[in-house]
Amino acid sequence: MMKSMRLTSMAASAAVALACVAGAVGTAQARTLEQIKQSGTIRIAIANEIPYGFMEGDTAVGLGPSVAKHVLKEMGIKHIKWTVVPFGSLIPSLKADRVDMVAASQAIQPQRCSQVDYSIPNSTYGEGVLVKKGNPDNIHGYDAFVKNHNLKFGIVSGANQLGFAQKSGIKSDQIVSLRANSDAISAVTSGRISGYAATQLTVAMLAKKSSRVEQALPFKDPVIDGKPQRSWGGFTFAKGNDTLREAFDKKLAAYQKTDGWKQTMKKYGLDEGSIEKVFNKTTQQLCSADS
């Protein structure tokens, strides 16, 4: 009996030890601002998407990275280690503490806010669809896919266009998931998809890369629950990493008052109207399910 009890006790102790190890792994803490400054380098993820955050040589540029570089310099952080991951892996990489922040201009949405924390909004943009040159399927909105079930609707994995498509009435067997925006042109031109749905900025930039595709114009933004869809993008931080996020927000807010920030926004496709609309929503409003 005593031997049996000892074995049971040992097994219980081992189970507790294993649980503690598992818990430690699962709750790895994000690096604080002080720790980042001490290391001298901040780790930032992007999805290699034009114009939000993409690589040029050994550095990143775009709406997110170009602003982040300026803000971080003002914070006293000069060295950045850029990491490129698929769009759908951006938040998991942050939660796993493989990076310190994301500069991919991700849309601020309630379901994402439940997993990560966002900066103040840095950009805003509507929707669009990339089609073959000449727009042979006469696509000018999501309704074209609703009316014609033979049309294939392409999206990048993890993007909010999936939700727009589902709520618009596009059938699941019409939806084709691509790994990255860089696959969109070949998918459209080969006929694998009839149109590639993304934000208007992504579509416009992709259309400039090939004479075989174009931006579907005019284009009607999808209307979900009575609201035309417009996204507000921001920088993403691990939950609870308030020192880093708050310091970043303070310098970002100051930068947004300058002509330099406006010129960066224009460089990557935002017009005057969109630049002004950046300030129409707060992160708190966008994270609310009622926004």
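In this structure, CE in M101 is found 9.5 Å from CG in L94, a value given to the nearest 0.5 Å. In this structure, CH2 in W261 is found 13.5 Å from OG in S66, a value given to the nearest 0.5 Å. Expressed to the nearest 0.5 Å, how far CD1 of I44 lies from NZ of K69 amounts to 9.5 Å. The CD1 atom of I80 sits 7.0 Å away from the CD1 atom of I42 when rounded to the nearest 0.5 Å. Atom CD of Q106 sits about 11.0 Å away from atom OG of S123, to the nearest 0.5 Å. From T236, atom OG1 reaches atom NZ of K95 across 12.5 Å, with rounding to the nearest 0.5 Å.
Residues D225 and K167 form a side-chain contact, since some pair of their non-hydrogen atoms from C-beta on lies under 4.5 Å apart. No side-chain heavy atom of S168 sits under 4.5 Å from any side-chain heavy atom of D143. Contact of the R31 side chain with the L244 side chain is not registered, since no non-hydrogen atoms from C-beta on lie closer than 4.5 Å.
The stretch residues 200-229 participates, sequence neighbours left out, in no ring pair (Phe, Tyr, Trp, His ring centres under 6.0 Å) pair at all. Sorted by first and then second residue, the disulfide bond (SG atoms under 2.5 Å apart) pairs with a member in residues 131-228 form an empty list; sequence neighbours excluded. The ring pair (Phe, Tyr, Trp, His ring centres under 6.0 Å) pairs that include a residue from residues 65-121 are H70-Y255, where partners are two or more places apart or lie in different chains.
The cluster map of Ile, Leu, Val, Met, Phe, Trp and Tyr, joined by side-chain heavy atoms under 4.5 Å apart, puts I275 and F235 in the same cluster. Hydrophobic cluster membership differs between L206 and I155, with clusters built from Ile, Leu, Val, Met, Phe, Trp and Tyr side chains linked at under 4.5 angstrom.
Other residues, nucleotides and ligands place no more than 12 heavy atoms under 6.0 Å from the CD atom of E34. Other residues, nucleotides and ligands contribute more than 12 heavy atoms inside 6.0 Å of the NZ atom of K239.
One N or O on the side chain of T264 and one on the backbone of G260 form a donor-acceptor pair closer than 3.5 Å. At distances below 3.5 Å, at least one donor-acceptor pair connects side-chain atoms of K152 with backbone N or O atoms of D173. In this structure, the side chain of T202 does not engage the main chain of A198 through any donor-acceptor pair within 3.5 Å. A distance-only check finds no donor-acceptor pair linking the side chain of E74 to the backbone of K251 [under 3.5 Å]. No side-chain donor-acceptor contact under 3.5 Å links E276 to the backbone of G273. In this structure, the side chain of S210 engages the main chain of R212 through a donor-acceptor pair within 3.5 Å. Side chain of Q200 to main chain of G128: no donor-acceptor pair is present (N/O by atom type, distance under 3.5 Å, no hydrogens or angles). At distances below 3.5 Å, not a single donor-acceptor pair connects side-chain atoms of S89 with backbone N or O atoms of V85. Remark: side-chain polar atoms of Q115 are not paired, donor with acceptor, to backbone N or O of R112 under 3.5 angstrom. The backbone N or O of M75 sits less than 3.5 Å from a side-chain atom of K37, completing a donor-acceptor pair.
The one candidate from Q229, Q161, K220 that meets the side-chain hydrogen bond (donor to acceptor under 3.5 Å, both in side chains) condition with E127 is Q161.
There is no side-chain donor-acceptor pair under 3.5 Å between S274 and T124.
Ion pairing of R245 with D242 is present here, as a side-chain N (NZ or NE/NH1/NH2) and a carboxylate O approach within less than 4.0 Å.
Taking the salt bridge (Lys or Arg N to Asp or Glu O under 4.0 Å) definition, one finds that E272 meets it with K266, sequence neighbours left out. Legend: residues meeting salt bridge (Lys or Arg N to Asp or Glu O under 4.0 Å) with R43, ordered by chain and number and at least two apart, are D97, D100. Remark: F153 pairs with Y142, F145 by the ring pair (Phe, Tyr, Trp, His ring centres under 6.0 Å) rule, at least two apart or across chains.
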(message) The test is side chain to side chain contact (heavy atoms under 4.5 Å, CB included); show your working for I50 and K209 and say whether it passes.
(response) CA-CA 11 Å; I50 298 173; K209 296 173 70 69; 3.8 Å; yes
